[in-house]
Colleague: 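There's a structure below that I have some questions on.
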Amino acid sequence: MSNAHHDFLTDFATMSGFGATPGGGVDRQAGTAADHATRRWFGQWLAAHGFTESVDRIGNQFGTVELLPGAPYVLIGSHLDSQPLAGRYDGAYGVLAAAHAAAQVLAEVRSGKVAPVCNLAVVNWFNEEGSRFTPSMMGSSVFTGKLPLHAALATTDPAGITVAQALEMGHGTERNSAPGLPDVARYAEIHIEQGRILEETGTQVGIVDRTWAASKYRVTVSGAQSHTGSTRMEDRRDALYGAALVISAARDLAAEFEPGLLHTSVSELYVLPNSPVTIARQATMNLDLRSPDEAVLERAMDILKKWTAEAEERSRTEISLELTHNWGLVSYPAEGVAVGLASAQRLGFTHTEIMTVAGHDSTNMKDIVPTVMLFIPSVDGISHNEAEYTRDDDALRGVELLTEVVRRLVCAEIAARKSETNAGS
Ligand code: GLV
Ligand code: MN
Ligand code: MN
(Lines give C-alpha, C1' and ligand atoms only; values in the text may rest on other atoms or scores of the structure.)
(Ligands and ions follow the chains in the order given, each with its own letter.)
Protein backbone atom coordinates (compact mmCIF):
# COMPACT_ATOMS: atom_id res chain seq x y z
CA MET A 1 0.00 0.00 0.00
CA SER A 2 1.31 3.44 -0.92
CA ASN A 3 1.78 6.17 1.68
CA ALA A 4 -1.10 8.16 0.23
CA HIS A 5 -3.42 5.16 0.57
CA HIS A 6 -2.26 4.52 4.11
CA ASP A 7 -2.80 8.19 5.02
CA PHE A 8 -6.33 8.20 3.63
CA LEU A 9 -7.36 5.09 5.55
CA THR A 10 -5.77 6.38 8.75
CA ASP A 11 -7.55 9.73 8.43
CA PHE A 12 -10.82 7.96 7.69
CA ALA A 13 -10.47 5.82 10.80
CA THR A 14 -9.69 8.92 12.91
CA MET A 15 -12.65 10.82 11.49
CA SER A 16 -14.98 7.87 12.09
CA GLY A 17 -14.10 8.13 15.79
CA PHE A 18 -16.22 11.28 16.15
CA GLY A 19 -19.70 10.31 17.26
CA ALA A 20 -18.73 6.63 16.97
CA THR A 21 -21.45 4.16 17.93
CA PRO A 22 -21.05 0.70 19.46
CA GLY A 23 -22.31 -0.93 16.26
CA GLY A 24 -19.46 0.51 14.17
CA GLY A 25 -21.31 3.53 12.82
CA VAL A 26 -21.51 7.21 13.72
CA ASP A 27 -24.18 9.48 15.17
CA ARG A 28 -23.47 13.12 14.45
CA GLN A 29 -26.54 14.99 13.37
CA ALA A 30 -26.01 18.53 12.13
CA GLY A 31 -24.91 21.04 14.74
CA THR A 32 -24.54 18.51 17.57
CA ALA A 33 -21.40 18.27 19.70
CA ALA A 34 -20.25 15.30 17.62
CA ASP A 35 -20.73 17.24 14.36
CA HIS A 36 -18.82 20.22 15.79
CA ALA A 37 -15.99 17.95 16.94
CA THR A 38 -15.69 16.44 13.46
CA ARG A 39 -15.71 19.93 11.95
CA ARG A 40 -12.96 21.10 14.28
CA TRP A 41 -10.81 18.11 13.38
CA PHE A 42 -11.45 18.72 9.70
CA GLY A 43 -10.57 22.41 10.05
CA GLN A 44 -7.24 21.39 11.58
CA TRP A 45 -6.65 18.92 8.76
CA LEU A 46 -7.26 21.65 6.19
CA ALA A 47 -4.88 24.08 7.90
CA ALA A 48 -2.19 21.41 8.18
CA HIS A 49 -2.42 20.73 4.45
CA GLY A 50 -2.15 24.31 3.21
CA PHE A 51 -5.83 25.26 2.96
CA THR A 52 -7.42 28.37 4.47
CA GLU A 53 -10.53 27.55 6.45
CA SER A 54 -13.64 29.69 6.22
CA VAL A 55 -17.23 29.13 7.27
CA ASP A 56 -20.24 30.88 5.75
CA ARG A 57 -23.33 31.96 7.68
CA ILE A 58 -25.20 28.69 7.19
CA GLY A 59 -22.19 26.74 8.45
CA ASN A 60 -20.74 25.48 5.18
CA GLN A 61 -17.06 24.83 5.93
CA PHE A 62 -14.59 25.61 3.15
CA GLY A 63 -10.88 25.03 2.76
CA THR A 64 -9.52 27.16 -0.06
CA VAL A 65 -6.15 27.46 -1.72
CA GLU A 66 -5.41 30.22 -4.17
CA LEU A 67 -3.31 29.05 -7.08
CA LEU A 68 -4.09 31.88 -9.48
CA PRO A 69 -5.18 35.14 -7.85
CA GLY A 70 -8.68 36.11 -8.91
CA ALA A 71 -9.47 32.90 -10.80
CA PRO A 72 -12.71 31.04 -10.02
CA TYR A 73 -12.65 27.87 -7.93
CA VAL A 74 -13.06 24.19 -8.53
CA LEU A 75 -15.02 23.11 -5.46
CA ILE A 76 -15.14 19.50 -4.23
CA GLY A 77 -16.75 18.00 -1.19
CA SER A 78 -19.77 16.43 0.48
CA HIS A 79 -21.06 16.45 4.09
CA LEU A 80 -19.79 15.38 7.52
CA ASP A 81 -23.15 15.32 9.31
CA SER A 82 -25.01 12.02 9.64
CA GLN A 83 -28.42 10.51 10.27
CA PRO A 84 -29.04 9.21 13.81
CA LEU A 85 -27.26 5.87 14.31
CA ALA A 86 -25.83 5.97 10.81
CA GLY A 87 -22.94 4.55 8.82
CA ARG A 88 -19.46 6.02 8.61
CA TYR A 89 -19.37 6.53 4.85
CA ASP A 90 -22.42 8.57 3.86
CA GLY A 91 -21.03 12.04 3.17
CA ALA A 92 -17.91 11.75 5.32
CA TYR A 93 -16.17 9.55 2.79
CA GLY A 94 -16.76 12.18 0.12
CA VAL A 95 -15.42 15.05 2.23
CA LEU A 96 -12.22 13.23 3.10
CA ALA A 97 -11.78 11.94 -0.47
CA ALA A 98 -12.14 15.55 -1.65
CA ALA A 99 -9.57 16.76 0.85
CA HIS A 100 -7.04 14.11 -0.16
CA ALA A 101 -7.68 14.64 -3.87
CA ALA A 102 -7.25 18.40 -3.45
CA ALA A 103 -4.03 17.98 -1.45
CA GLN A 104 -2.62 15.67 -4.13
CA VAL A 105 -3.47 18.08 -6.96
CA LEU A 106 -2.07 20.96 -4.92
CA ALA A 107 1.23 19.07 -4.59
CA GLU A 108 1.26 18.48 -8.35
CA VAL A 109 0.65 22.18 -9.00
CA ARG A 110 3.43 23.15 -6.58
CA SER A 111 5.86 20.79 -8.30
CA GLY A 112 4.94 22.14 -11.73
CA LYS A 113 3.30 18.94 -13.00
CA VAL A 114 -0.12 20.54 -13.32
CA ALA A 115 -0.75 24.03 -14.72
CA PRO A 116 -3.98 25.30 -13.17
CA VAL A 117 -6.42 27.79 -14.62
CA CYS A 118 -8.63 27.60 -11.52
CA ASN A 119 -8.25 27.79 -7.77
CA LEU A 120 -9.12 24.87 -5.53
CA ALA A 121 -11.51 24.53 -2.59
CA VAL A 122 -12.88 21.72 -0.45
CA VAL A 123 -16.28 21.91 1.22
CA ASN A 124 -18.15 20.26 4.06
CA TRP A 125 -21.77 21.27 3.41
CA PHE A 126 -23.81 21.94 6.54
CA ASN A 127 -26.77 19.66 7.29
CA GLU A 128 -27.06 17.53 4.18
CA GLU A 129 -29.01 14.89 6.07
CA GLY A 130 -31.98 16.97 7.17
CA SER A 131 -32.73 14.67 10.09
CA ARG A 132 -32.45 17.12 12.97
CA PHE A 133 -33.31 20.19 10.90
CA THR A 134 -35.37 19.84 7.70
CA PRO A 135 -35.03 20.14 4.78
CA SER A 136 -32.07 18.03 3.75
CA MET A 137 -29.24 19.60 1.71
CA MET A 138 -29.71 22.79 3.73
CA GLY A 139 -26.21 24.28 3.36
CA SER A 140 -25.99 23.74 -0.38
CA SER A 141 -29.58 24.95 -0.82
CA VAL A 142 -28.67 28.26 0.82
CA PHE A 143 -25.40 28.47 -1.13
CA THR A 144 -27.21 27.98 -4.44
CA GLY A 145 -29.95 30.48 -3.57
CA LYS A 146 -32.74 27.89 -3.35
CA LEU A 147 -33.43 28.45 0.34
CA PRO A 148 -33.29 31.86 2.06
CA LEU A 149 -30.56 32.10 4.71
CA HIS A 150 -32.92 33.57 7.34
CA ALA A 151 -35.41 30.72 6.88
CA ALA A 152 -32.65 28.13 7.23
CA LEU A 153 -31.21 29.80 10.36
CA ALA A 154 -34.65 29.98 11.99
CA THR A 155 -35.43 26.27 11.43
CA THR A 156 -35.92 24.44 14.73
CA ASP A 157 -35.17 20.90 15.81
CA PRO A 158 -37.78 18.88 17.80
CA ALA A 159 -36.45 20.44 21.04
CA GLY A 160 -36.97 23.98 19.68
CA ILE A 161 -33.27 24.78 19.12
CA THR A 162 -32.68 26.83 15.97
CA VAL A 163 -30.04 26.21 13.35
CA ALA A 164 -28.52 29.58 14.32
CA GLN A 165 -28.20 28.43 17.95
CA ALA A 166 -26.83 25.03 16.97
CA LEU A 167 -24.17 26.69 14.81
CA GLU A 168 -23.35 29.11 17.61
CA MET A 169 -22.54 26.18 19.87
CA GLY A 170 -19.65 25.29 17.56
CA HIS A 171 -16.10 26.26 18.17
CA GLY A 172 -15.39 29.99 17.83
CA THR A 173 -12.74 29.69 15.16
CA GLU A 174 -15.24 28.14 12.78
CA ARG A 175 -17.44 31.16 12.60
CA ASN A 176 -17.24 33.74 9.90
CA SER A 177 -13.50 33.53 9.63
CA ALA A 178 -14.29 33.96 5.96
CA PRO A 179 -11.80 35.59 3.64
CA GLY A 180 -14.78 35.58 1.25
CA LEU A 181 -16.62 32.65 -0.22
CA PRO A 182 -15.07 30.89 -3.15
CA ASP A 183 -16.43 31.98 -6.50
CA VAL A 184 -17.28 28.53 -7.84
CA ALA A 185 -16.96 27.59 -11.52
CA ARG A 186 -17.14 23.75 -11.27
CA TYR A 187 -18.12 21.24 -8.63
CA ALA A 188 -17.30 17.57 -8.02
CA GLU A 189 -18.49 15.11 -5.38
CA ILE A 190 -17.96 11.44 -4.65
CA HIS A 191 -20.31 9.31 -2.54
CA ILE A 192 -21.06 5.69 -1.77
CA GLU A 193 -23.80 4.40 -4.07
CA GLN A 194 -26.26 3.52 -1.25
CA GLY A 195 -27.62 0.93 -3.66
CA ARG A 196 -26.58 -2.42 -5.14
CA ILE A 197 -26.14 -1.74 -8.85
CA LEU A 198 -22.33 -1.40 -8.89
CA GLU A 199 -21.90 -4.42 -6.65
CA GLU A 200 -24.35 -6.60 -8.58
CA THR A 201 -22.80 -5.74 -11.93
CA GLY A 202 -19.22 -6.00 -10.65
CA THR A 203 -18.51 -2.40 -11.71
CA GLN A 204 -15.81 -0.42 -9.92
CA VAL A 205 -17.13 3.13 -10.24
CA GLY A 206 -20.29 4.94 -11.30
CA ILE A 207 -20.61 8.27 -13.08
CA VAL A 208 -23.94 9.79 -12.06
CA ASP A 209 -25.89 11.04 -15.08
CA ARG A 210 -29.38 11.65 -13.60
CA THR A 211 -31.18 11.87 -10.29
CA TRP A 212 -34.49 10.27 -9.34
CA ALA A 213 -37.27 12.74 -8.61
CA ALA A 214 -38.30 13.21 -4.98
CA SER A 215 -41.26 14.80 -3.17
CA LYS A 216 -41.47 15.15 0.58
CA TYR A 217 -44.63 16.18 2.42
CA ARG A 218 -45.56 17.11 5.94
CA VAL A 219 -48.74 15.19 6.75
CA THR A 220 -50.84 16.55 9.60
CA VAL A 221 -53.72 14.49 11.00
CA SER A 222 -56.02 16.47 13.28
CA GLY A 223 -58.52 14.79 15.59
CA ALA A 224 -59.80 15.43 19.10
CA GLN A 225 -58.13 14.61 22.39
CA SER A 226 -60.22 12.39 24.67
CA HIS A 227 -60.10 9.56 27.21
CA THR A 228 -58.91 6.19 25.86
CA GLY A 229 -61.25 4.29 28.16
CA SER A 230 -64.37 6.31 28.54
CA THR A 231 -64.82 7.71 25.01
CA ARG A 232 -67.35 5.64 23.07
CA MET A 233 -65.90 4.11 19.91
CA GLU A 234 -68.34 5.99 17.69
CA ASP A 235 -67.38 9.32 19.30
CA ARG A 236 -63.65 9.03 18.69
CA ARG A 237 -61.68 11.32 16.42
CA ASP A 238 -58.37 9.50 16.82
CA ALA A 239 -55.48 11.24 15.03
CA LEU A 240 -53.15 8.30 15.53
CA TYR A 241 -55.65 5.95 13.91
CA GLY A 242 -55.93 8.36 10.97
CA ALA A 243 -52.11 8.40 10.76
CA ALA A 244 -52.01 4.59 10.75
CA LEU A 245 -54.37 4.51 7.78
CA VAL A 246 -52.14 6.98 5.89
CA ILE A 247 -48.98 5.03 6.71
CA SER A 248 -50.57 1.88 5.40
CA ALA A 249 -51.91 3.67 2.31
CA ALA A 250 -48.48 5.11 1.51
CA ARG A 251 -46.98 1.64 1.56
CA ASP A 252 -49.76 0.18 -0.61
CA LEU A 253 -49.25 3.01 -3.10
CA ALA A 254 -45.94 1.57 -4.30
CA ALA A 255 -47.72 -1.66 -5.30
CA GLU A 256 -49.95 0.31 -7.70
CA PHE A 257 -46.93 0.74 -10.00
CA GLU A 258 -44.42 -1.55 -11.71
CA PRO A 259 -41.70 -2.74 -9.31
CA GLY A 260 -38.89 -0.18 -9.00
CA LEU A 261 -40.98 2.76 -10.24
CA LEU A 262 -41.99 4.18 -6.89
CA HIS A 263 -40.43 4.15 -3.42
CA THR A 264 -42.69 5.40 -0.61
CA SER A 265 -42.07 5.89 3.09
CA VAL A 266 -43.57 7.49 6.12
CA SER A 267 -40.39 7.98 8.06
CA GLU A 268 -41.16 10.18 11.03
CA LEU A 269 -44.10 10.50 13.41
CA TYR A 270 -44.92 12.96 16.20
CA VAL A 271 -48.01 12.38 18.32
CA LEU A 272 -49.79 14.85 20.61
CA PRO A 273 -50.16 14.54 23.50
CA ASN A 274 -48.51 11.08 23.29
CA SER A 275 -50.03 9.83 26.53
CA PRO A 276 -51.06 6.23 27.27
CA VAL A 277 -54.52 7.19 28.49
CA THR A 278 -55.38 9.87 25.93
CA ILE A 279 -56.48 9.55 22.34
CA ALA A 280 -54.18 11.63 20.12
CA ARG A 281 -55.43 15.03 19.00
CA GLN A 282 -52.72 15.40 16.37
CA ALA A 283 -50.19 13.30 14.47
CA THR A 284 -47.54 14.82 12.21
CA MET A 285 -45.52 12.72 9.80
CA ASN A 286 -43.02 13.00 6.99
CA LEU A 287 -44.04 11.31 3.73
CA ASP A 288 -41.26 10.67 1.20
CA LEU A 289 -41.91 9.63 -2.42
CA ARG A 290 -39.19 8.86 -5.00
CA SER A 291 -39.38 7.82 -8.62
CA PRO A 292 -37.28 7.72 -11.79
CA ASP A 293 -40.40 9.09 -13.54
CA GLU A 294 -41.95 12.43 -12.53
CA ALA A 295 -45.33 11.45 -13.99
CA VAL A 296 -45.43 8.50 -11.58
CA LEU A 297 -45.05 10.88 -8.63
CA GLU A 298 -48.01 12.90 -9.88
CA ARG A 299 -50.21 9.84 -10.45
CA ALA A 300 -49.20 8.46 -7.05
CA MET A 301 -50.26 11.66 -5.31
CA ASP A 302 -53.61 11.64 -7.10
CA ILE A 303 -54.29 8.13 -5.79
CA LEU A 304 -53.00 8.94 -2.31
CA LYS A 305 -55.23 12.00 -2.02
CA LYS A 306 -58.27 9.78 -2.69
CA TRP A 307 -57.09 7.31 -0.08
CA THR A 308 -56.44 10.01 2.52
CA ALA A 309 -59.99 11.31 1.97
CA GLU A 310 -61.22 7.79 2.80
CA ALA A 311 -58.93 7.72 5.85
CA GLU A 312 -60.39 11.04 7.01
CA GLU A 313 -63.87 9.63 6.84
CA ARG A 314 -63.02 6.38 8.60
CA SER A 315 -61.10 8.07 11.42
CA ARG A 316 -63.25 11.23 11.61
CA THR A 317 -60.10 13.34 11.36
CA GLU A 318 -58.76 16.01 9.01
CA ILE A 319 -55.66 15.23 7.04
CA SER A 320 -53.53 17.84 5.28
CA LEU A 321 -50.53 17.35 3.00
CA GLU A 322 -47.97 20.11 2.61
CA LEU A 323 -45.08 19.81 0.14
CA THR A 324 -41.88 20.63 2.06
CA HIS A 325 -39.07 19.68 -0.35
CA ASN A 326 -38.84 18.30 -3.85
CA TRP A 327 -36.63 17.93 -6.87
CA GLY A 328 -37.26 16.71 -10.35
CA LEU A 329 -35.82 13.96 -12.48
CA VAL A 330 -32.86 15.93 -13.71
CA SER A 331 -29.76 15.17 -15.73
CA TYR A 332 -26.31 15.95 -14.48
CA PRO A 333 -24.50 18.25 -16.94
CA ALA A 334 -23.23 16.24 -19.94
CA GLU A 335 -19.84 17.98 -19.77
CA GLY A 336 -19.40 16.79 -16.16
CA VAL A 337 -20.42 13.22 -17.01
CA ALA A 338 -17.89 13.29 -19.87
CA VAL A 339 -15.07 14.30 -17.49
CA GLY A 340 -16.05 11.49 -15.12
CA LEU A 341 -16.12 8.92 -17.92
CA ALA A 342 -12.80 10.08 -19.40
CA SER A 343 -11.17 9.95 -15.97
CA ALA A 344 -12.40 6.39 -15.29
CA GLN A 345 -11.24 5.33 -18.75
CA ARG A 346 -7.81 6.87 -18.27
CA LEU A 347 -7.35 5.01 -14.96
CA GLY A 348 -8.70 1.73 -16.40
CA PHE A 349 -11.54 1.43 -13.88
CA THR A 350 -14.65 -0.44 -14.97
CA HIS A 351 -17.44 2.11 -14.98
CA THR A 352 -21.05 2.79 -15.81
CA GLU A 353 -23.39 5.74 -16.00
CA ILE A 354 -25.80 5.49 -13.11
CA MET A 355 -28.79 7.30 -11.60
CA THR A 356 -28.75 8.49 -8.01
CA VAL A 357 -31.81 7.63 -5.98
CA ALA A 358 -30.71 9.62 -2.92
CA GLY A 359 -30.34 13.37 -2.98
CA HIS A 360 -26.88 14.93 -2.70
CA ASP A 361 -25.45 18.42 -2.40
CA SER A 362 -24.45 17.97 -6.02
CA THR A 363 -28.20 17.83 -6.76
CA ASN A 364 -28.15 21.54 -5.91
CA MET A 365 -24.73 22.43 -7.30
CA LYS A 366 -25.37 20.87 -10.72
CA ASP A 367 -28.05 23.51 -11.29
CA ILE A 368 -25.54 26.36 -11.12
CA VAL A 369 -22.20 24.99 -12.38
CA PRO A 370 -20.84 22.07 -14.42
CA THR A 371 -20.77 19.20 -11.91
CA VAL A 372 -19.21 15.75 -11.75
CA MET A 373 -20.86 13.20 -9.41
CA LEU A 374 -19.11 9.89 -8.78
CA PHE A 375 -20.16 6.68 -6.99
CA ILE A 376 -18.24 3.82 -5.44
CA PRO A 377 -19.88 0.52 -4.43
CA SER A 378 -21.78 0.01 -1.16
CA VAL A 379 -21.71 -3.53 0.23
CA ASP A 380 -25.28 -4.91 0.00
CA GLY A 381 -26.48 -1.35 -0.72
CA ILE A 382 -26.95 -0.76 3.01
CA SER A 383 -27.21 2.90 4.01
CA HIS A 384 -28.50 5.06 6.87
CA ASN A 385 -27.53 2.12 9.06
CA GLU A 386 -24.45 1.40 11.18
CA ALA A 387 -23.70 -1.57 8.94
CA GLU A 388 -23.07 0.67 5.92
CA TYR A 389 -19.76 -0.50 4.45
CA THR A 390 -17.46 0.07 1.49
CA ARG A 391 -14.30 -1.99 0.99
CA ASP A 392 -10.99 -0.17 1.37
CA ASP A 393 -9.90 -0.92 -2.19
CA ASP A 394 -13.13 0.61 -3.52
CA ALA A 395 -12.73 3.64 -1.25
CA LEU A 396 -9.13 4.16 -2.45
CA ARG A 397 -10.10 3.71 -6.09
CA GLY A 398 -12.67 6.45 -5.56
CA VAL A 399 -10.02 8.84 -4.22
CA GLU A 400 -7.87 8.15 -7.29
CA LEU A 401 -10.81 8.77 -9.60
CA LEU A 402 -11.77 11.99 -7.87
CA THR A 403 -8.12 13.14 -7.98
CA GLU A 404 -8.05 12.59 -11.75
CA VAL A 405 -11.32 14.50 -12.11
CA VAL A 406 -9.98 17.41 -10.04
CA ARG A 407 -6.76 17.49 -12.07
CA ARG A 408 -8.83 17.83 -15.22
CA LEU A 409 -11.18 20.44 -13.77
CA VAL A 410 -8.36 22.57 -12.42
CA CYS A 411 -6.81 22.51 -15.88
CA ALA A 412 -10.13 23.51 -17.44
CA GLU A 413 -11.10 20.32 -19.19
CA ILE A 414 -14.54 21.87 -19.10
CA ALA A 415 -14.18 25.13 -21.04
CA ALA A 416 -13.85 27.92 -18.53
CA ARG A 417 -17.22 29.54 -18.14
CA LYS A 418 -18.73 31.04 -15.07
CA SER A 419 -22.29 30.50 -14.03
CA GLU A 420 -24.51 33.56 -14.18
CA THR A 421 -26.48 32.26 -11.20
CA ASN A 422 -23.78 31.59 -8.66
CA ALA A 423 -26.31 32.98 -6.28
CA GLY A 424 -25.15 32.23 -2.75
CA SER A 425 -21.63 33.55 -3.12
C1 GLV B 1 -30.98 13.18 0.84
O2 GLV B 1 -30.86 14.09 1.51
C3 GLV B 1 -32.21 12.61 0.39
O4 GLV B 1 -33.27 13.11 0.79
O5 GLV B 1 -32.11 11.66 -0.39
MN1 MN C 1 -24.95 11.68 1.81
MN1 MN D 1 -27.61 10.31 4.01
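FYI, the numbering just counts along the sequence from 1. As the structure lists them, so they are numbered: ligands from 1, and atoms in each ligand from 1. This structure is a prediction, so every number in the text was calculated from the model and none was measured.
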Colleague: After noting the C-alpha distance and the side-chain angles of E129 and S136, does the key distance pass the side-chain hydrogen bond (donor to acceptor under 3.5 Å, both in side chains) rule?
Modeller: CA-CA 5 Å; E129 292 290 0; S136 58; over 6 Å; no
Colleague: Is any protein N, O or S atom closer than 2.8 Å to the Mn ion (ligand 2), and if so, which?
Modeller: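 Correct list: H79 NE2, D90 OD1, H191 NE2.
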Colleague: Does D157 come within less than 4.0 Å of R132, counting only side-chain N to carboxylate O?
Modeller: yes
Colleague: Hey, is E388 close enough to R88 for a salt bridge, meaning N to O under 4.0 Å?
Modeller: no
Colleague: Do Q83 and Q29 have side-chain N/O donor and acceptor atoms under 3.5 Å apart?
Modeller: no
Colleague: Taking the six-membered ring for Trp, are the ring centroids of F51 and F62 within less than 6.0 Å of each other?
Modeller: no
Colleague: S343 and E404: side-chain donor and acceptor closer than 3.5 Å?
Modeller: no
Colleague: Sequence neighbours left out, cut at 3.5 Å: what donor-acceptor pairs do the side chains of residues 248-267 make with other protein atoms?
Modeller:
residue, atom, partner, partner atom, Å
T264, OG1, A250, O, 2.7
S267, OG, N286, ND2, 3.0

Colleague: Kindly determine whether V205 and T350 satisfy side chain to side chain contact (heavy atoms under 4.5 Å, CB included), including the steps that lead there.
Modeller: CA-CA 6 Å; V205 296; T350 59; over 6 Å; no
Colleague: Using heavy atoms and a cut-off under 4.0 Å, could you grab the residues that are in contact with ligand 1, chain by chain, numbers ascending?
Modeller: E128, S136, M137, K216, R290, W327, A358, G359
Colleague: Near R397 CZ, under 6.0 Å, is it more than 12 heavy atoms from other residues, nucleotides or ligands?
Modeller: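 Yes, enclosed.
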Colleague: Holding to salt bridge (Lys or Arg N to Asp or Glu O under 4.0 Å), I want the full list of residues that pass it with K216, two or more places apart in sequence or in another chain.
Modeller: none
Colleague: Could you tell me which N, O or S atom of H384 is nearest to the Mn ion (ligand 3)?
Modeller: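 The H384 atom nearest to the Mn ion (ligand 3), restricting to N, O or S, is NE2.
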